[in-house]
Amino acid sequence: MLKIYNTMSQSIEEFKSLHAGEVNMYVCGPTVYNYFHIGNARVFLVFDTIRKYLEYSGYKVKFAQNVTDIDDKIIKKAASEGVLWSAIAEKYTTAYLEDLAKLNVTPADINPKATEEIPAMLALIQNLMDKGIAYVSKNGVYYDVTKFEGYGKLSHQKMDELVEGARVEVDEEKKNPLDFALWKFSKPGEPSWEAPWGAGRPGWHIECSAMSGKHLGATFDIHGGGADLVFPHHENERAQSEAANGVTFVNYWMHVGYLNIRGEKMSKSKGNFAFIRDILNDYMQDKENTANVIRLFILSAHYRGPLDFSNDNMDSVRNGYREIYYTAQRLAQVKAKPAASFVGRDFIKEFKEAMDEDFNTSKAIACVYDCAAAAKTELGKKNIESFVLLGKTMLEMCAVLKITPVLKTIDAQITELAKQIDLLRKEKQYEKADILKKQAAETGYMLEFTAAGTFAIKELK
RNA sequence: GGCGGUGUAGCCAAGUGGUAAGGCACGGGUCUGCAAAACCCUCAUCCAUCGGUUCGAUUCCGAUCGCCGCCUCCA
């Protein structure tokens, strides 16, 4: 039975989908004004893994993730580079999709762009206007938070306390300091869309309400994002949607903890800003397996807790990943059939139990390691069929976590070298054998001569 | 000030009312002609501190201290 921590109730709840066997989920996507960084990547990878696990558990998942392609930051960036805002949005939307693909993140079923969903937003704003919840001011259309009874319930803040702590400049045009823009009137030269109240662009929160409602329904199962979105973004989305539709917006709110770099929040001024694109390119020589190491690193801690990114921590994970990677390579070079059963632990069962407990990937990964170790023990005992069974079990778990090692085809040259070395060893011509071994090493392979056979292992670098 | 998170071995990191998963590193060993970034084993009398509840707490409650974050359209 799957359990999920719900930010709304601040407790772990049994998961019950709205429609039997189906899960509708929405995760806040990027504002495309730059490449995305390792912190964004954490959110994307966590929810990709959750989605995958839901599917593995038998759910049909409908996954929507927006692309915010109009926003102040985009306009600002465009101005500083002297290009059209749309050029910035297009460039970084493309980059976003490329980087996601390199991380093996499955594309969302629906990738709505803000600029393509303006009509749905206008309809929602009109709905709020009709209900007397929104009002027009000099600068735009605003949401009157005093009209929504449950305001603050998601972030567990009281309105007066929010006001006290507010560091925002008081906007005289707003009725209440907490009121937020649904529609911002454009200034000359700014991008704008026609609207009944005046030309402008959408406020930050409205797109998610409009798009999730349109594609997933007024009520849907899971809404996720980074922890910093709880307030104000998700609080405001909820206020908009529930006030407009009169029904519960989201059943399970999920938030991913912060990713720090060497213990500090990442920021450009501190020079500890890491784009995922750069990590993918620079971290290892083995590009095909870099995404797996990154994902394993991200999943090594529970998704709700903080996670510290550093080279040392990555290296530690990479060294651990080798165990899985090498086991997979040996498995691929063994021709035996799997044993019918393994007397011992039921790794898959343990794995599922871990994941069912609010996606405890840390514990799930421990199952993968234990299984790999058990497989190697069998190999050492020359129980090849048991090794194959356990190796396959390990790969099943890897597939769910999406860390399946990417193997190289071993070219004929290496196979030939291995044969020759084996021959030379039998003839005790060790000096010649060593020369050939060195040759193999130069191509990135190490050759293992074990009781269970000879393996050519591509090193992970 | 309000709210939230967090403090577990050298490092990363799970977890439980009955005495601590897993990974990395270290150390020892095994296989091997030698060797490996291979394999095996070892590695927290203890879970920030101080109280309380309990037969028993790292796990529950209270307090204290430390670190991080949100309350500024930052995931």
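Throughout, protein chains are lettered first and strands after them, A, B, ... in sequence-line order, and every chain is numbered starting at 1.
- Both the sub-6.0 Å distance and the 45° axial angle are not jointly satisfied by A:K174 relative to the ring of A:Y142.
- Distance CG (A:D179) to C1' (B:C71): 16 Å, rounded to an integer number of Å.
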Can you give me the N/O atom pairs linking the protein to nucleotides 15-20 of chain B at distances under 3.5 Å, or say none if there are none?
| unit_1 | atom_1 | unit_2 | atom_2 | d |
| --- | --- | --- | --- | --- |
| B:G15 | OP1 | A:N360 | ND2 | 3.1 |

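- Residues passing the ring-ring contact (aromatic ring centres under 6.0 Å, His included) test with A:Y143 are A:F180, sequence neighbours excluded.
- Using a 4.0 Å heavy-atom distance criterion, A:D228 is classed as a base contact.
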Q. Once each nucleotide of nucleotides 34-43 of chain B is scored for protein heavy atoms under 4.0 Å, what B/S/- sequence comes out, 5' to 3'?
A. BBBBSSS---
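- If you check every strand for non-hydrogen atoms under 4.0 Å, A:L259 touches a base.
- Applying the salt bridge (charged side-chain N to carboxylate O under 4.0 Å, His left out) definition to pairs two or more places apart or across chains, those involving residues 310-328 of chain A are A:D315-A:R318, A:E323-A:K376.
- Residue A:Y430 is in base contact, counting any heavy-atom pair closer than 4.0 Å across all strands shown.
- RNA chain B lies under 4.0 Å from at least one heavy atom of each of the following residues of residues 150-157 of chain A: A:S155, A:H156, A:Q157.
- Pair check for B:U72 finds none; no Watson-Crick or G-U wobble contact set falls under 3.5 Å.
- Using a 4.0 Å heavy-atom distance criterion, A:S300 is classed as a sugar-phosphate-only contact.
- Every ring-ring contact (aromatic ring centres under 6.0 Å, His included) that A:W85 has, sequence neighbours left out, goes to A:W193.
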